[in-house]
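Naming convention: chains lettered A, B, ... in sequence-line order (proteins, then strands); numbering from 1 in each chain.
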2 protein chains.
Amino acid sequence: MRWSDIGHSACSVARALAIVGDRWTLLVLREAFFGIRRYEDFQRLTQASPRIVADRLAKLVAEGVMEKQRYQERPVRYEYRLTPMGRELHPVMVTLSLWGQRWMGDPARPPVRLVHRTGCGRPTMPVLVCSECSEPVTAPDIAVEFGDAYAEERAALTRTPDALGRVTPGGSEP
Amino acid sequence: MRWSDIGHSACSVARALAIVGDRWTLLVLREAFFGIRRYEDFQRLTQASPRIVADRLAKLVAEGVMEKQRYQERPVRYEYRLTPMGRELHPVMVTLSLWGQRWMGDPARPPVRLVHRTGCGRPTMPVLVCSECSEPVTAPDIAVEFGDAYAEERAALTRTPDALGRVTPGGSEP
DNA sequence: ATGGGTGACTTCCCTTTCGGAAGCGACGTA
DNA sequence: TACGTCGCTTCCGAAAGGGAAGTCACCCAT
């Protein structure tokens with residue numbers, strides 16, 4: 001199983017991971033959310049090698065998560081910005097960061113503090129709530145129901161490696 | 001910069017990524033949230049090779065995200081369950097999944113549907129809200145303030161590669 | 001006009017890690 | 001005794017990663 005294949009899975013987690021499921025990619029995105037836009041700064045602040053940074057930025061642009069814009073003509077210089085698609089990764093970064101602070105950090109000295117700038121103005125630790133009733137939700141509160149396509153894909157995953165292949169090409173329910 | 005070093009960063013995102021920032025690891029966790037507990041099922045449903053599954057499960061156990069329990073004595077068999085630390089990754093998985101569905105899926109046929117089982121009972125698409133005022137938050141609503149340690153770490157990241165090294169050993173502000 | 005600096009990458013080379021196939025060992029069942 | 005199941009481990013070739021250096025286009029100061 002290769003990662004190029006996994007992007008074709010029906011699973012939205014798998015598809016998301018095919019794009020952003022890479023450490024360097026996520027560090028680049030972290031910097032993007034901090035407001036970083038220029039290649040040099042991504043490279044410096046992530047401490048990734050130039051190769052990695054160029055590669056990850058190019059992939060993010062290709063996938064539509066970031067866009068490359070000229071910010072100056074002479075000499076030609078570029079900057080990378082989050083697209084709307086990229087900006088909507090914010091909840092992922094926030095929840096990941098909060099998890100890291102909760103379980104791996106010294107609570108007395110958090111590395112970052114989030115402030116609800118446009119709202120109540122207070123330091124905040126955002127919480128996931130139900131879109132329908134606005135109650136906080138945790139793992140046991142939520143039941144997962146598989147859609148038809150994904151249920152089929154999972155059912156096809158028996159011990160025979162070809163089973164998955166037979167589902168993907170056709171893709172329709174008779 | 002190697003990944004074993006990045007776990008020592010002050011950044012909570014980096015520390016979190018040092019543990020879960022790997023595609024296979026995240027697929028394993030996806031299955032764990034689906035209720036999968038046994039090695040064989042992780043292997044079958046993620047389509048990862050046995051080596052990868054064994055390795056990732058062992059790492060997750062070592063980090064305290066999952067725990068290995070005997071579920072049967074004769075023959076000895078084990079199962080892997082999420083610890084509280086692991087269960088708190090739920091918001092990360094949910095937001096990642098919703099992002100994947102929003103930007104990569106066919107909205108008419110979502111692979112999974114989340115139902116607010118213990119609450120309103122309706123299909124839900126959880127939303128991040130401010131812990132203080134309960135208003136939904138998106139990227140531009142939130143300002144990020146760096147803590148002292150992390151601000152120092154970032155400031156030390158100049159072009160000279162040794163700069164970071166000089167901060168880490170001391171670690172205190174005079 | 002020349003030397004240095006900046007920004008955004010590429011190239012090269014070597015080491016580490018990954019992924020797939022196959023094998024193993026303890027046990028249970030027929 | 002043979003066969004199947006489960007949970008891994010071993011082996012090896014392929015791919016990715018890291019570091020250092022180089023490139024290219026331009027600007028600026030001397």
- Query: Given B/Glu145 and A/Val112, is the side-chain contact (heavy atoms from CB on, under 4.5 Å) satisfied, shown in steps?
  - Reply: CA-CA 5 Å; B/Glu145 294 178 358; A/Val112 298; over 6 Å; no

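Taking the ring centre of B/Tyr78 as origin, the terminal cationic atom of B/Lys68 falls inside the region bounded by 6.0 Å and 45° from the ring axis.
Residue A/Arg23 is classed as having no contact, given no heavy-atom separation below 4.0 Å to the nucleic acid. Counting any heavy atom pair closer than 4.0 Å across all strands shown, A/Arg38 reaches sugar-phosphate atoms only and no base atom.
Here A/Glu31 pairs with B/Arg154 in a salt bridge; the nearest charged N to carboxylate O distance falls below 4.0 Å.
Counting to the nearest Å, the P atom of D/dA15 and the CD1 atom of B/Ile52 are 15 Å from each other. Going from atom CG of A/Leu27 over to atom P of D/dG17 covers 13 Å, rounded to whole Å. Rounded to whole Å, the distance from CZ on A/Arg44 to P on C/dC9 is 16 Å. The separation between B/Asp22 atom CG and C/dC18 atom P is 7 Å, rounded to whole Å. For the pair A/Leu57 CG and C/dG7 P, the interatomic distance rounds to 16 Å; values are reported in whole Å. Atom CZ in A/Arg37 sits roughly 17 Å away from atom C1' in C/dG7 (whole-Å rounding). Rounded to a whole Å, the CG atom of A/Asp55 is 13 Å from the C1' atom of D/dG18. Rounded to whole Å, the distance from CD on A/Gln43 to P on D/dG19 is 10 Å.
The side chain of A/Tyr39 lies closest to C/dA8 when the candidates are C/dA8, C/dC18, D/dG19. When distances run from any side-chain atom of A/Trp24 to the nucleotides D/dG18, C/dC18, D/dA21, the shortest one goes to D/dG18. The B/Glu40 side chain lies nearest to D/dC6 when the options are D/dC8, C/dC9, D/dC6. If you check C/dC18, C/dA8, C/dC9 against the side chain of A/Arg77, the one that comes closest is C/dA8. Distances were taken from every side-chain heavy atom of A/Ala54 (C-beta onward) to each of C/dC9, D/dC8, D/dG18; the shortest belongs to C/dC9.
Within 6.0 Å of CE on B/Met104 lie more than 12 heavy atoms contributed by other residues, nucleotides or ligands.
Each of B/Tyr80 and A/Arg56 lies near DNA chain D, and the nucleotide nearest B/Tyr80 is the one positioned closer to the 5' end. Both A/Tyr78 and A/Arg51 sit near DNA chain C, but only A/Tyr78 has its closest nucleotide nearer the 5' end.
Side-chain polar atoms of B/Glu153 and B/Ser9 form a donor-acceptor pair below 3.5 angstrom.
Contact annotation: B/Lys59 does not reach the phosphate of C/dT17 (side-chain N/O to OP1 or OP2, under 4.0 Å).
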